Amino acid sequence: MRITRWPTAAVLFAMAATAYAGDSSNDVPYPLPMPLMAVPQNLGAHVRADLLLKRMTQDEKLQFIHSEYQMSAVPGGGAGYIQGVPRLGIPDLNMVDSATGSGSTTQKSTTFPATIALAASWDPYLARDFGARIADQLREQGFGMGLGGGTNLAREPRGGRLFEYLGEDPVLAGEMLAARTIGTQSQQVIATIKHYVGNEQETGRQGGNSQIDERTLRELYLLPFEIAAKEARPGSVMCSYNRLNGTYACENTHVLTDVLKKDWGFQGQVQSDWGATHSTAPAINAGLDEEEDVGPTVYLTPDLVKQAIASKAVSQDRLDDMVRRKLYVMISTGVLDHPAQGGATIDFAKYNAFTQAAEEQSIVLLKNDNSQLPLSAPSLHKIAVIGAHADTAVLTGGGSGNTRDPVTGNFSGCGGLTFASSTGCGWWTNPWLKLNTPITQAIQQLAPSAQVSFAGNTDQTQPFRAYTQQEITQAATLASQSDVAIVVVAQPAGEDFGDLQSLSLANPSNQDQLVEAVAKANPRTIVIIESGNPVLMPWKDQVAAIVDAWYPGEGGGKAIANVLFGQVNPSGKLPVTFPVRDQDTPTWGTNGAFATDPVYSEKLDMGYRWYDANNITPLYEFGYGLSYTHFSYSGLTVEQGPGHTITASFTVRNDGRVAGAETAQVYLGVSYAGEPPRRLVGFQKVFLKPGQSQPVRVTITERAQSVWDTTHNDWAYVPGSAVYVGASSRDIRLQSR
Ligand code: BGC
């Protein structure tokens, strides 16, 4: 049984040790394990940035704070471009989207699993490698900056961009984001974290006003950014499209300057989302350092900024600060001295193997009645695979969080891995990803003597249309004649698609009917879900097993088959709550209508905290996921450390007969008005052979035991919190009292 473990690079260890010894930012609220810590702050880089700044002319400075958007004209097919200053040895900087791999519009790229899948691995070491491998490919394509790193929280489970993010918990999201960022920057690519902040839905996409009180902001929505900013020191923070409490995020002094730059000591640059700048002087003075424009109205052009300086609306010092920050980031990440050259021969097979391994760590086993899984190949003569183009493709997320064309680089004729459809080849709106080894073929390879048959929509020109009654009948007939029926369901979503209207499987519209018909025909029905959002499952009790594969990326076919046949023991856990009904979610209100200007009235009771606080039983709770083995927990001790730090120690044992990995989760019950019953404060994924046990120690800092005190505008320590250790947010195995 293969359990992939990502070894810790010795070099990172060495750097981390230095960081630990010599670093002043010791107020990291939720520290990553030592080997994952970021490189120390590079003081020399500040000195060099200053020296370069002094030698730049005003015009050179002005060209350094604004990127024009002409996708096709951007070198390498990127999303933005800052012209360098050759006479000073400052290279051009090309940036590109990188949520699930390079978003180059002109170069072949690898499609990784969606970021929500990465969160489901609960493995910061994997997140580091995910960030590093994407960065490798970006450099090979000539990009020095990756716009991956989305981390808005899954407040709105129907959110159109949830697949680009890291789930509903700020500590899980923050730790995974920090590790990913460290990985990216370790390969000399500048990482961006986004979309800062309060950008949890697509409704009201351009300028909707998110209304969030300060305590909720600090304890939830700012927290993943804070963790990543302090632990990983990303070069860039991207401010978002929305307004926050009345002010556009890209001209919001409170979050850009007071919180990010002053409170957290962020030394990098703030860049706008594409077209999210709305003014010249107000934005610059609030803390925006670079505009990424999409035209036609542009605000940080050389002329406008010159005028603003001439009229004293903006100071020369502030312009210098903007440029200095960018220089510092380029120097400290290595991009200035080692610019990405591009044009490299890319070993796509190597990347493909990584995407498969990453997906194998991320798949969540939700249901497995009577150990129906893993399947045993010799006992199967006929296998039915049904639905979601599983004979050809998997789904990815649409929009800028997608890659463009993974293997052939053929963008004009619907070649390569993307589907042709009535709306075109469209990676943006039609994100079906053709696989070299689709699910059917991967299953056939693992069950060579079985007959593997496919039923469902085989028409690639209409990939989202409803199944016809004839197709449903054919699928049920095939299932009735097979030893096992594997039904794949899919939920498309993407940037600019709007939010989902419901968590019901919508597109094709009658997938629930398909599952029910197949389940009726064969009691051994296994459902595979491809989705970036939670999914409602009216058929849950009618099927034998359920596997969530998220948007699995280009290694998805093999990864899914490996989990089904037990080559890989699933170890993912949900980073989002799956509710029973839409009406149970915190944002549904009375009728599920979306507000353009959302009020975050549930405050801290978001995600699992909402279900816990309101005694609502979810379908599958946050942190939940099964394995082909089982784990026991024992011996919790809680020790007081220096200051108010406490350490929870306990042992996890693999009680089953196969190797497996378990993510032990530590929650805190903070007795303070407005706090939820439990909140995650730490976790550790342990990899155990049968019969093996491992001690786990999770340190809970004073800050992690604190609440945001609005009277004093500061964190306030709350003594005496209860410590809970669980296999999920509801499966609590040990507690301190
Ligand atoms: C998205 C960003 C993305 C940018 C550049 C915007 O529409 O919101 O996430 O990085 O486009 O493609």
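Every number for a ligand or one of its atoms is a count from 1 in the order of the listing. The residues of the chain are indexed from 1 along the displayed sequence. Everything numeric in this text was worked out from a predicted model, so none of it was measured.
Around the NZ atom of K350, the shell of radius 6.0 Å holds more than 12 heavy atoms that belong to other residues, nucleotides or ligands.
At least one donor-acceptor pair under 3.5 Å links the side chain of T181 to the backbone N or O of L177.
If you look at M238 next to ligand 1, the close heavy atoms, those under 4.0 Å, all belong to the side chain. Under 4.0 Å from ligand 1, not a single heavy atom of M95 appears.
Of the N or O atoms in Y241, one or more lie within a sub-3.5 Å distance of an N or O in ligand 1.
Numbered from 1 in the order shown, with element, the atoms of ligand 1 that lie under 4.0 Å from a heavy atom of E495 read 1 (C), 6 (C), 7 (O), 8 (O). Below 4.0 Å from some heavy atom of S400 lie the following atoms of ligand 1, by number and element: 1 (C), 2 (C), 3 (C), 9 (O), 12 (O). Annotation for ligand 1: atoms under 4.0 Å from non-hydrogen atoms of K194 are 2 (C), 3 (C), 9 (O), 10 (O). Of all atoms in ligand 1, numbered sequentially from 1 with element shown, those under 4.0 Å from a heavy atom of R205 are 7 (O). Close approach of ligand 1 to H195 (heavy-atom distance below 4.0 Å) involves ligand atoms 2 (C), 8 (O), 9 (O).
Assignment of R161 to the shell around ligand 1 is supported, since a heavy atom sits closer than 4.0 Å.
Between atom 2 (C) of ligand 1 and the options D273, V294, D496, N199, the minimum heavy-atom separation is to D273.
Taking 4.0 Å as the cut-off between side-chain N and carboxylate O, R205 and D273 do not count as a salt-bridged pair. With salt bridges taken as basic N to acidic carboxylate O contacts below 4.0 Å, none links R158 and D582. R155 and E168 are not joined by a salt bridge, as no carboxylate oxygen comes within less than 4.0 angstrom of a charged side-chain nitrogen.
Taking the six-membered ring wherever Trp is involved, the centroid distance between the rings of F622 and W122 falls below 6.0 Å.
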**OP:** Go through the steps to decide whether H195 and Y241 satisfy the test side chain to side chain contact (heavy atoms under 4.5 Å, CB included), and finish with yes or no.
**Re:** CA-CA 8 Å; H195 307 90; Y241 285 130; over 6 Å; no
